[in-house]
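Down below is the structure, laid out as structure tokens.
Hydrogens, waters and symmetry mates are skipped; everything else that's a heavy atom, side chains included, is used. Naming convention: chains lettered A, B, ... in sequence-line order (proteins, then strands); numbering from 1 in each chain.
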Amino acid sequence: MKVYNTLTNRKEEFVPIEEGKVKMYVCGPTVYNFFHIGNARPFVVFDTLRRYFKYRGYEVKFVQNFTDVDDKIINRAKEEGITAPEVSEKYIEEYFKDAGALNVIKADVHPKVSEHIPEIIAFVQTLIDKGYAYEADGDVYYSTRKFKEYGKLSGQNVDDLGSGARIAIGEVKKDPLDFALWKARKEESEIAWESPWGMGRPGWHIECSTMAKKHLGETIDIHGGGQDLQFPHHENEIAQSEACNGVPFSHYWMHNGYITIDGEKMSKSKGNFFTVRDIRDHYTGDVIRFFLLSGHYRSPINFSDELMESAKVGYDRIATCKDTLSFLAKNGSDEKMADEDKLIADFDGFRQKFIEVMDDDMNTADAISTIFDLVSAINVAVKDGASKTYAEAALKMIAELTDVLGIFQIEEEDMIGDELQALIDERQAARKEKNWARADEIRDQLAAMGITLKDTPQGVQVIRN
RNA sequence: GGUAGCAUAGCCAAGCGGUAAGGCAUAGGUCUGCAAAACCUUGAUCCCCGGUUCAAAUCCGGGUGCUACCUCCA
């Protein structure tokens, strides 16, 4: 498999550290609010990558943190009159609800910053001991210029960064490029821990370095996150980890593109964002996920009602195909069509195509179009009178591919109640007598209940919307 | 000022050296009691200019336009 490595700016063959295994770390949310559609993209993208690795037989260890110590959480706690831990606990719970709706599988480990303070302190101390960091008034800063390779991920060089007018010069920092590893407490009420430098809390970047090391080791295979974390967050992680451990931090860095609204980046700071919670009022998590995977993960994608609507219709095309197959698997003919065995054998071609495009830097857009091609082939076969056996095989094939993308949640099979069955039977009787008025009345009645009836050669198909 | 990236049909979007996938929308048709779904048919020389090549949407150079990062942000 090839992946685009931000570190080298090119696609590279993926070679794991340990054969057959993948160690992945993905930056998780700061839990002070519901997450928005832009936050959702890396969750979905890297969940899909993880699923694909598993599909290809790798054993994956996947770690995604929760940043539960942060200014924004502290501010939120003040606003709501509750403690910071209460805020983060609440939004961790909400994270799992929305991520679950998006069919994002839980990470093997979801480490929290608040549970890694001793490790973080030790990490910072090592950096001080090695001469990469210094204490100043209870803060600890990283001496950016000491790390010779600083800038290798983002393609920046320290002198250009230094000349940028937008870097504020802190009072106690020795160099404007230095960043905080540890922040001294400013107010008594702030959440803080004991440390060799006094009461305080970790800086933002150090947590990821520490938690990745603890749960995955000093060198990992893949580090993922949004493109906007590339600098400074990931650059700083590299500086911290490699200075501390003396070995490469991550072999591959993968960054997803951002989501735009009317062509502008959506972000919490701009306020032009939509939470997944809100979008879920209009679309299912599956459709949202399908939308997010409909473009290549590195390209920016625009979000709008119109595009979501278009995605929903496309998604329904696949869903309808699956529904039809499920129906035929039960009610279809036992008699095979002439070339049915060949058609079933041809499924492997779609599988191979799917693997080929996913192997190429996880091209989910092409993967989806392969699924559409499969759907077309299936629809033709169904039109030509495919058998029960075909339906079962086709259903299995389509489920195999959609499961890798995670775009269909496993749903409980709906039982058709007696009352509903009675109405359906009555309508069939009415149709037999050509009492179209009554038949349509029943169909409309059920439609109002969110149930669509399709009259097919194999009988009535019941679809719940 | 520094650094990335993008520009393909009405819209979304793949392709990244051999003469343009797929989805949505549109129009016509088939099937159906009517529907629903499905099926068939329907569309682009790829921002502009120059170059390399037998061959370029794909490579190189120069434009133009857009976006992002350099500040908390996925």
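Computed from coordinates, the A:I368 CD1 to B:G23 C1' distance equals 9 Å when rounded to whole Å. Atom NE2 of A:H255 is separated from atom P of B:A74 by 13 Å (rounded to the nearest Å). Per the geometry, CE belonging to A:M24 stands 14 Å off C1' belonging to B:A74, to the nearest Å. Atom P of nucleotide B:C69 and atom CZ of A:F231 are separated by 13 Å, given to the nearest angstrom.
Pair check for B:C59 finds B:G51; Watson-Crick or G-U wobble, both atom distances under 3.5 Å. Of the nucleotides present, none pairs with B:G43 by Watson-Crick or G-U wobble criteria with both distances under 3.5 Å. Base pairing analysis places B:A37 opposite nothing; no Watson-Crick or G-U wobble pair with both distances below 3.5 Å involves it. Pairing of B:G5, defined by two Watson-Crick or G-U wobble distances under 3.5 Å, is identified with B:C66.
Comparing B:C34, B:C69, B:G23 by their closest approach to the side chain of A:S376 singles out B:G23. Side-chain atoms of A:S369 lie closest to B:A21 of the nucleotides B:A21, B:A38, B:A74. Ranking B:A25, B:A36, B:C69 by closeness to the A:T452 side chain, first place goes to B:A36. The side chain of A:K265 approaches B:C69 more closely than any other nucleotide in the set B:C69, B:A37, B:A74. Considering only the side chain of A:T320, B:A37 comes nearest among B:A37, B:G22, B:A74. Of the candidates B:C72, B:A74, B:G23, B:C72 carries the atom nearest the A:K72 side chain, counting heavy atoms from C-beta on. Among the nucleotides B:C34, B:C72, B:A74, the one closest to any side-chain atom of A:R431 is B:C34.
Two residues, A:N379 and A:I37, neighbour RNA chain B, and the one matched to the more 5' nucleotide by heavy-atom proximity is A:N379. Nearest-nucleotide mapping onto RNA chain B: of A:V313 and A:R41, the residue sitting toward the 5' end is A:V313.
An OP1 or OP2 oxygen of B:A35 is reached within less than 4.0 angstrom by no side-chain nitrogen or oxygen of A:W436. A:R317 has no side-chain polar atom (N or O) that falls below the 4.0 Å cut-off from OP1 or OP2 of B:A36.
Two rings, from A:Y95 and A:F66, have their centers less than 6.0 Å apart. Taking the six-membered ring for Trp and the full ring otherwise, A:Y252 and A:H223 have centroids separated by 6.0 Å or more. When ring centroids are compared, A:F273 and A:F34 stay outside the 6.0 Å threshold. Remark: aromatic rings of A:H110 and A:F96 are close, center separation under 6.0 Å.
At the heavy-atom level, A:L453 lies under 4.0 Å from base atoms of the strands shown. Looking at heavy-atom distances under 4.0 Å, A:R427 makes contact with a base. No contact: A:I371 has no heavy atom under 4.0 Å from any strand. Residue A:G225 is in sugar-phosphate contact alone, with no base atom involved, counting any heavy-atom pair closer than 4.0 Å across all strands shown. Counting any heavy atom pair closer than 4.0 Å across all strands shown, A:N39 reaches a base atom.
Ion pairing of A:E309 with A:K312 is absent here, as no side-chain N (NZ or NE/NH1/NH2) approaches a carboxylate O to less than 4.0 Å.
If you check distances only, the side chain of A:R443 does reach the base of B:C34 with a donor-acceptor pair under 3.5 Å.
Between the P atoms of B:A13 and B:U64, the separation comes to 25 Å (whole Å).
Among residue pairs with one or both ends in residues 361-390 of chain A, those qualifying as ring pair (Phe, Tyr, Trp, His ring centres under 6.0 Å) are A:F347-A:Y390; sequence neighbours excluded.
A:E264 meets the salt bridge (Lys or Arg N to Asp or Glu O under 4.0 Å) test with no other residue; sequence neighbours excluded.
Looking at every heavy atom in both residues, A:F350 comes nearest to A:T370 through O-CG2, 3.5 Å.
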Going 5' to 3' through nucleotides 3-20 of chain B and flagging B where a protein heavy-atom sits under 4.0 Å of the base, S where only the sugar-phosphate is that close, and - otherwise, we get S--------SSSS-----

- request: Check the pair A:Y32, A:D68 against side chain to side chain donor-acceptor pair (under 3.5 Å), reporting the backbone distance first and the verdict last.
  value: CA-CA 8 Å; A:Y32 70 104; A:D68 63 346; over 6 Å; no

